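Read through the structure below, which is laid out as structure tokens, and then see the notes.
Both ligands and their constituent atoms are indexed starting at 1 by order of listing. Because the structure is predicted, anything quoted here is derived from the model rather than measured.
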Amino acid sequence: MNPRRLLYAIAVIVTLAAGLQTARPTQMNATPPYKDPKLGLEQRIADLLGRMTLDEKIGQMCQSSSFPHPFSDQVKGEIRKGRWGSFLNAGEPRDRAEAQRIALSESRLGIPLIFGRDVIHGYRTIFPIPLGQAASWDPDLIRQAARIAGREASGAGIHWTFAPMIDIARDPRWGRIAEGLGEDPYLTATLGAAMVRGFQGESLSAPDSIAACAKHYVGYGAAEGGRDYNTTWIPENLLRNVYLRPFRAARDAGAATFMSAFNDLNGVPTSGNAFTLRQVLRKEWKFDGFVVSDWDSVIEMVPHGYAADLKDAALKGVQAGVDMEMSSNSYAVNLKSLVEAGRIAPTLIDDAVRNILRVKFRMGLFDRSATAPAGSTSAPTPDALATARKLAAESIVLLKNEGRVLPLAKSIGRIAVIGPLADSPVDQMGTWVLDGRAEDVRTPLAALRHALGEAQVLWAQGLKNSRDTARDGFAAASEAARKSDAVLLFLGEEQILSGEAHSRAFLSLPGAQAQLVEEVAKTGKPAVAVILAGRPLTFQEVTAKVQAVLYAWHPGTMGGPAIADVLFGDAIPSGKLTATFPRTVGQVPIYYAHMNTGRPPSPNELGIPMGNPVDPRGYTSKYLDVDYTPEYPFGFGLSYTKFEYSNMRLSAARLPLGGSLTASADIANSGGMEGDEIVQCYVRDLVGSITRPVRELKAFRRIHLKPGEKRTVEFRLSTDDLAFYKDGGELVAEPGMFHIWIAPDSASGLKGEFEVVR
Ligand code: NOJ
């Protein structure tokens with residue numbers, strides 16, 4: 001036997017012996033130290049770990065998705081034996097309470113289970129999809145929404161949500177762009193951290209807090225071709241500067257857990273990736289919670305071609321640092337023999353179990369009464385509904401408002417409500433809704449009838465759903481439009497057209513929606529398109545035929561009233577896009593923070609280069625057949641009022657490394673209504689030791705201004721804010737010239753410049 005194997009063998013014998021020794025029932029009356037809440041966390045963990053058998057340790061590392069309702073005797077028996085550390089998306093509230101009672105009082109050591117569930121944008125009260133929430137640029141409101149979700153979910157016996165999803169996505173073909181917060185690392189970091197704080201509350205151990213899970217670690221959103229689960233290639237500096245940043249922020253906000261992803265990252269699947277999991281997450285960031293794999297992502301290392309079989313997959317998962325396996329059972333089946341064969345060091349198992357127990361202790365799961373009732377799912381409270389309405393209204397982005405057709409006067413007369421998404425509760429909730437109920441949803445049709453009275457609303461669906469191509473409903477839609485004073489068209493995508501495994505190769509409005517709009521527009525009535533969708537779409541043919549466009553995403557339970565609020569001016573639109581809208585799918589990936597290239601195009605440049613290839617005129621980085629710029633840039637969104645930016649100034653023209661400066665500008669409301677403006681601050685590092693983006697968001701602020709009011713907005717930036725990562729993880733701020741903008745969006749604004757000096 002080689003010395004390494006011998007060492008392993010000794011360690012295994014010691015571990016097994018320890019297990020045998022403590023497998024006897026613990027002495028009556030003496031409360032073991034790990035059950036004493038007065039002792040320190042690490043002391044409790046060490047005491048418990050010392051009492052656990054290898055089987056019990058492995059049990060903690062296994063998460064099961066099979067928890068049938070009604071709750072079976074087989075599962076009860078497995079819980080008694082400590083076979084599972086966790087269940088996901090499982091059971092009814094009362095089953096979960098019973099399972100926890102069995103784990104705490106009938107298993108040998110009384111280790112609690114942790115119940116995980118996808119509480120992505122709400123539990124019973126459904127808030128807008130995360131991409132919609134992000135358009136509010138309102139961290140505090142987003143935090144409140146997550147708090148409500150945490151309260152509702154914890155009331156039903158859920159301890160842990162698989163959220164926030166903080167994957168940067170720059171490709172709207174990818175169906176999961178709906179679940180994330182957009183294309184920008186700073187904004188995603190800020191809003192993702194707010195979600196973590198909301199779910200986890202003031203203290204993880206409060207009974208109404210749920211543990212957050214930062215997912216999908218990492219790079220998942222860069223799937224080639226926008227096809228879900230596809231390969232990702234992300235050079236280290238891009239990984240660190242863009243994809244990892246929101247995860248670092250989630251860790252700093254105290255996220256209790258991370259989820260390793262499905263994707264192959266630079267040749268190594270992320271659920272077997274020791275660089276991202278051990279080097280970055282554990283060593284550099286000192287994360288001490290636990291890592292759960294995504295569903296089956298450990299065993300998917302076999303089809304990836306990275307593991308030979310399920311045993312090899314389990315080995316690679318543990319070695320890379322995946323503490324808990326979700327759904328598949330390669331850990332349950334193989335870890336014991338891998339340890340006994342000396343192929344996995346017992347210390348690796350102990351490390352993983354320690355991470356899991358740490359979270360369970362921090363959550364207070366050991367110290368809660370076994371009989372704590374897990375209430376049934378109760379209907380949304382008025383407070384929750386009010387927050388959902390506010391967040392949905394703030395998430396709506398006004399893209400066009402020709403002739404100030406919006407807001408509509410409530411005295412408008414009759415309106416025609418047309419389109420497949422005007423009265424479709426399930427679609428309105430969007431992707432990843434396990435517990436939201438159609439009966440709670442207030443649709444736009446219901447809200448408009450409520451606001452104007454039934455008789456004033458003429459309803460014609462036009463198309464049965466967003467993919468419908470039959471034109472039988474067109475005549476009735478045109479008829480309704482003809483009889484009305486204005487037309488509201490509810491268009492977009494059904495719920496099932498975005499989300500996991502729901503990528504699209506086209507970004508156009510599906511079905512015959514564009515034709516429906518064309519038909520209705522022939523009536524000549526003023527028309528407003530309200531688009532409900534899970535991604536940025538391309539819809540110029542619709543924009544051209546209507547006077548106004550509102551982008552409402554999938555707005556959730558209170559989407560209808562929120563849309564009505566915006567249509568009638570009870571809420572003034574303030575949302576700004578957090579993902580670039582392309583002109584056509586052929587421009588994808590398109591995002592604002594791109595590099596400049598050696599041949600940047602000039603504004604409006606289009607068409608075939610003139611001259612010969614030696615003459616650079618026209619040989620620029622553009623398309624022959626479409627403008628290279630987006631349809632709507634990142635950060636864009638109109639208001640019913642008008643904001644004017646002026647008087648940009650900097651507190652210094654030169655900034656020593658380690659110092660900071662203040663950039664300020666005056667923002668005036670020169671329109672006729674009060675409203676909120678999201679003021680954005682961008683910089684460009686003109687020359688770097690690696691090339692830097694043409695603009696990067698560094699800060700933003702939401703301000704409220706009355707008509708005629710003017711306010712100075714200040715942003716303080718230090719050279720740390722200007723720093724970027726190099727390969728190897730070094731964070732550097734470099735001397736040189738910078739441009740800075742205070743801007744309403746990423747494509748315009750007031751510009752200044754400063755120099756960073758040694
Ligand atoms: C797979 C998804 O990728 C992940 O986001 C989700 O949390 C798990 N399934 C659990 O349902």
Query - Residue pairs, two or more places apart or on separate chains, that pass side-chain hydrogen bond (donor to acceptor under 3.5 Å, both in side chains) and touch residues 128-140 - result: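 Qualifying pairs, neighbours excluded: Asp140-Arg143, Asp140-Gln144.
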Query raised in the report: Can you tell me if Arg240 and Asn237 form a side-chain donor-acceptor pair at under 3.5 Å?
Result: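 No, Asn237 and Arg240 have no side-chain donor paired with an acceptor closer than 3.5 Å.
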Query raised in the report: Have Glu493 and Ser498 got a donor and an acceptor in their side chains that come within less than 3.5 Å?
Result: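 No, no side-chain donor-acceptor pair sits under 3.5 Å.
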Report task. Please name the residue in the list Ile590, Thr578, Leu577 that meets the side-chain contact (heavy atoms from CB on, under 4.5 Å) test with Phe634. Result ->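 Going through the options one by one, the only one that passes is Thr578.
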Report task. For ligand 1, list the protein residues that place a heavy atom within a distance below 4.0 Å of one of its atoms, sorted by chain and number. Result -> Leu88, Asn89, Asp118, Phe162, Arg176, Lys215, His216, Met259, Phe262, Asp294, Trp295, Met326, Trp432, Glu500
Query raised in the report: Is it true that Asp309 and Lys311 make a salt bridge, defined as a side-chain N closer than 4.0 Å to a carboxylate O?
Result: no
Query raised in the report: With ring centroids as reference points, do Trp432 and Phe162 lie under 6.0 angstrom apart?
Result: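 Judged by ring-centre distance (under 6.0 Å), Trp432 and Phe162 do not meet the cut-off.
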